[in-house]
Amino acid sequence: MPTKFENKVYEICRKIPKGKVSTYKLISEKLGIRAYRAVGNALNKNPYTHKKVPCHRIVNSNGLIGGFAAGVNNKKRILEKEGIEVKNNKIVNFDKKLFKFK
DNA sequence: GCTTTGACTCTCG
DNA sequence: TCGAGAGCCAAAG
């Protein structure tokens with residue numbers, strides 16, 4: 001059973017629409033803290049898969065893929081499958097694909 | 001309860 | 001433009 005903090009992270013991730021991406025920073029800001037790393041930590045050991053939580057839509061603030069528990073390569077494939085172009089571990093048209101929580 | 005560890009981000013030279 | 005260092009926070013050991 002994940003912690004409260006982790007559940008919040010997952011909940012926010014679920015709000016990201018298909019074809020969009022978001023960043024660790026935005027999520028942490030949504031939580032009201034600067035726990036970028038803690039967010040990544042939570043997603044790393046998340047009990048859900050990308051089918052439950054679109055954790056693959058979370059990238060670094062500069063558009064880099066960052067990492068993925070199942071492998072960055074896998075992450076790239078999923079993103080491309082959703083219509084997001086990835087070049088050299090980086091999101092193409094990042095500012096256009098970026099989804100901002102409001 | 002202190003220390004270590006990360007799917008991170010920012011600042012500075 | 002790029003790399004190193006510091007700062008950040010929650011979990012796990």
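Small disclaimer: the values here were computed from a predicted structure and weren't measured. By convention in this document, chain letters (A, B, ...) are assigned in the order of the sequence lines, proteins followed by strands, and residues within each chain are numbered from 1.
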Q: Please tell me which of the listed nucleotides, B:dG6, C:dA11, B:dA7, lies nearest to the side chain of A:Asn41?
A: B:dG6
Q.
Under 4.0 Å, counting only non-hydrogen atoms across every strand here, what does A:Tyr24 touch: a base, just sugar-phosphate, or nothing?
A. base
Q. Separation of A:Leu31 atom CG from C:dC9 atom P, in whole Å?
A. 12 Å
Q. In whole angstrom, what separates A:Lys76's NZ from B:dA7's P?
A. 18 Å
Q. In a check of side chain to side chain contact (heavy atoms under 4.5 Å, CB included) between A:Val86 and each of A:Ile65, A:Val59, A:Val21, which one passes?
A. A:Ile65
Q: Only one of A:Arg57, A:Lys18, A:Lys20 passes salt bridge (Lys or Arg N to Asp or Glu O under 4.0 Å) with A:Glu82; say which it is.
A: A:Arg57
Q. What is the distance from CG of A:Leu26 to P of B:dC8, rounded to the nearest Å?
A. 15 Å
Q: Take atom CD of A:Glu29 and atom C1' of B:dC8, then tell me their distance rounded to the nearest Å.
A: 12 Å
Q | Over all atoms of both residues, closest heavy-atom pair of A:Lys30 and A:Phe101 | A | CD-CB, 3.8 Å
Q. Among B:dA7, B:dC10, C:dA11, which is the nearest nucleotide to the side chain of A:Lys75?
A. B:dA7
Q) Heavy atoms, side chains only, cut-off 4.5 Å: are A:Lys45 and A:Glu6 in contact? A) yes
Write out a two-atom table: protein N or O, nucleotide N or O from nucleotides 3-8 of chain C, distance below 3.5 Å.
| residue | atom | partner | partner atom | Å |
| --- | --- | --- | --- | --- |
| C:dG7 | O6 | A:Arg37 | NH1 | 3.3 |

Q | Check against side chain to side chain contact (heavy atoms under 4.5 Å, CB included), A:Ile12 and A:Leu26 | A | CA-CA 10 Å; A:Ile12 294 176; A:Leu26 290 177; over 6 Å; no
Q. Quick one: A:Ile78 CD1 to B:dA7 C1', roughly how many Å, whole number?
A. 13 Å
Q. What pairs with A:Lys96 under side chain to side chain contact (heavy atoms under 4.5 Å, CB included), at least two apart in sequence or on another chain?
A. A:Asn93
(Q) Once you apply a heavy-atom cut-off of 4.0 Å, does A:Ser28 come out as touching a base, just sugar-phosphate, or nothing? (A) nothing
Q: For the side chain of A:Lys45, starting at C-beta, report the closest nucleotide among B:dC10, C:dA11, B:dA7.
A: C:dA11
Q: Answer whether the closest heavy-atom distance between the side chains of A:Phe94 and A:Asn60 falls below 4.5 Å.
A: no
Q: Starting from P on C:dA11, measure out to CG on A:Asn7 and report it in whole angstrom.
A: 10 Å
Q: Provide, to the nearest angstrom, the distance between the CG atom belonging to A:Asn62 and the P atom belonging to B:dA7.
A: 16 Å
Q. Starting at CD of A:Glu6 and ending at P of B:dA7, how long is that distance when rounded to a whole Å?
A. 14 Å
**Q.** Which nucleotide in B:dA7, B:dT9, C:dC9 has an atom nearest any side-chain atom of A:Ala38
**A.** C:dC9
Q.
Check the phosphate of B:dA7 against A:Asn60, side-chain N and O only, distance under 4.0 Å to OP1 or OP2. Yes or no?
A. no
